[in-house]
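Just so you know, these numbers come straight off a predicted model, no measurement behind them. Chain naming here is simple, since letters A, B, ... match the order of the sequence lines and numbering starts at 1 in each.
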Protein chains: 2
Amino acid sequence: MAGPNIDDIDMQILGELQQDGRMTNVELARKVGLTAPPCLRRVRALEEAGAIKSYHAVVDPAMLGYTITVFAMVSLKSQAEADLKAFQDHVASLPEVRECHMLNGEIDFILKVVARDLQSFQQFLTSKLTPAPNVVSVKTSLTIRTSKNQPGVPLPV
Amino acid sequence: MAGPNIDDIDMQILGELQQDGRMTNVELARKVGLTAPPCLRRVRALEEAGAIKSYHAVVDPAMLGYTITVFAMVSLKSQAEADLKAFQDHVASLPEVRECHMLNGEIDFILKVVARDLQSFQQFLTSKLTPAPNVVSVKTSLTIRTSKNQPGVPLPV
DNA sequence: TATGAAATACTTCGCCC
DNA sequence: GGGCGAAGTATTTCATA
């Protein structure tokens, strides 16, 4: 599934931008051994193709007033595709849910939920998540501390 | 814990950069109602203070040849602070581990692990993670698909 | 600490190889 | 596809209030 038209230079570009999303195009070009124009063309093509999905600053959640990060393990009554899809669509509309991963095994989904405080989290849990259609059980674990949080994939570096 | 010197404009800056990490400084300045120079000074100050930790492009893992994302639930023998710290330091050195969160309850840590394929994941599991000091149990769940994956915190939008 | 202008650097286009 | 040069912007510093 590594796109057919992705070559070594594209891979380097993806790796560099994953590591530093604000790198200037000229610096990126220098690192991958191109001049600026073709480098920029490749970046645009990678964005078009969906290889680069977005760019984000990683912000300390506490600085924005969010103190609670919770992992929620959700099991559904039915694992029919339409029901799985319905659940995914539901949580996609909930801003507190930052990630939703469908898993194998007993747990159907793991969600990463971010909330301002315990009270707002509990309100989210009881009014938004647990009463969702098809939900059988929701087990939550509070994050005490996060010691590593790197987006993306391991780099060959 | 929202830093003492963070005002409303800083909050807006954090929100905008979280949403679009490649926004130009002039556009950011326009959105928050400043001119470019003071806006840039604020961004630099936020970076210095650690409110903005880093910038990243979100890359499709499959495009870089990584097809496996696994959540690993790890329990330790001892929860003494020194032992917790030792485990954290160990996984911090493993590039396959992208996230490490310490949880409350029976599970001590949840890790997000990214690997190229099942074989390299199993090698990682048996040679790097399970034999780590103090580890009692490691339960892993393969990600079938990820339907939502947004970094950061919910935005007031 | 914000502003406005000026110097520097980056982005991006057209064209050629 | 990549490279060169030029035009249009953006970034960044400095003087000023």
Item checked: A:Arg44 side chain near C:dT12 phosphate (N/O to OP1/OP2, under 4.0 Å) -> yes
Check: Rounded to whole angstrom units, what separation is found between the CZ atom of A:Arg22 and the P atom of C:dA9?
Finding: 19 Å
Check: Is any side-chain nitrogen or oxygen of A:Arg42 closer than 4.0 Å to OP1 or OP2 of D:dG1?
Finding: no
Check: Can you list the residues that meet the side chain to side chain donor-acceptor pair (under 3.5 Å) rule with A:Glu99, with sequence neighbours excluded?
Finding: A:His101, A:Lys112, B:Lys112
Checklist line | Connected hydrophobic set around A:Leu40, excluding itself, where side chains approach under 4.5 Å | finding: none
Checklist line | Partners meeting side chain to side chain donor-acceptor pair (under 3.5 Å) with A:Glu48 (sequence neighbours left out) | finding: none
Note to self: Under a 3.5 Å threshold, yes or no: a donor from one side chain and an acceptor from the other, between A:Asn149 and A:Thr146?
What the structure shows: no
Notebook entry, point to check: In a check of side-chain contact (heavy atoms from CB on, under 4.5 Å) between A:Met63 and each of B:Ile52, B:Ile6, B:Val153, B:Asp10, which one passes?
Noted result: B:Ile6
Checklist line | Under the side chain to side chain donor-acceptor pair (under 3.5 Å) test, residues paired with B:Ser78 that sit two or more places apart | finding: B:Asp83
Anything under 3.5 Å between a donor and an acceptor, one on a side chain of residues 26-36 of chain B, the other on a protein residue two or more places apart or in another chain? List them.
none

Checklist line | Integer-rounded Å distance: C:dT8 C1' and A:Glu27 CD | finding: 17 Å
Next item on the list: Starting at atom CD1 of A:Ile9, determine the distance to atom P of D:dG3, rounded to an integer number of angstrom.
Entry: 8 Å
Next item on the list: In whole angstrom, give the distance that lies between atom CG of B:Leu28 and atom P of D:dT12.
Entry: 12 Å
Notebook entry, point to check: By a strict heavy-atom criterion of less than 4.0 Å, which residues belonging to residues 30-40 of chain B are in contact with DNA chain C?
Noted result: B:Thr35, B:Pro37, B:Pro38
Next item on the list: Five pairs at each end of the helix from C:dT1-D:dA17 to C:dC17-D:dG1: take the axis at both ends and give me the angle between them to 10°.
Entry: 30°
Next item on the list: Using salt bridge (charged side-chain N to carboxylate O under 4.0 Å, His left out) as the criterion, list what pairs up with B:Arg98, not counting sequence neighbours.
Entry: none
Note to self: Under 4.5 Å side-chain heavy-atom separation, chaining through any Ile, Leu, Val, Met, Phe, Trp or Tyr, what else clusters with B:Val58? Say none if it is isolated.
What the structure shows: none
Notebook entry, point to check: What's in the same ILVMFWY side-chain cluster as A:Val138, cut-off under 4.5 Å, chained through other members?
Noted result: A:Ile68, A:Val70, A:Val74, A:Leu76, A:Leu84, A:Phe87, A:Val91, A:Leu94, A:Val97, A:Met102, A:Phe109, A:Leu111, A:Val113, A:Leu118, A:Phe121, A:Phe124, A:Leu125, A:Leu129, A:Val135, A:Leu142, B:Ile144
Between the protein and nucleotides 15-17 of chain D, list every N/O to N/O distance that falls short of 3.5 Å.
none

Check: Expressed in angstrom and rounded to an integer, what is the separation of A:Asn25 atom CG from C:dC10 atom C1'?
Finding: 8 Å
Notebook entry, point to check: How would you list, by chain and number, every residue that makes a side chain to side chain donor-acceptor pair (under 3.5 Å) with A:Lys85, sequence neighbours excluded?
Noted result: A:Asp89
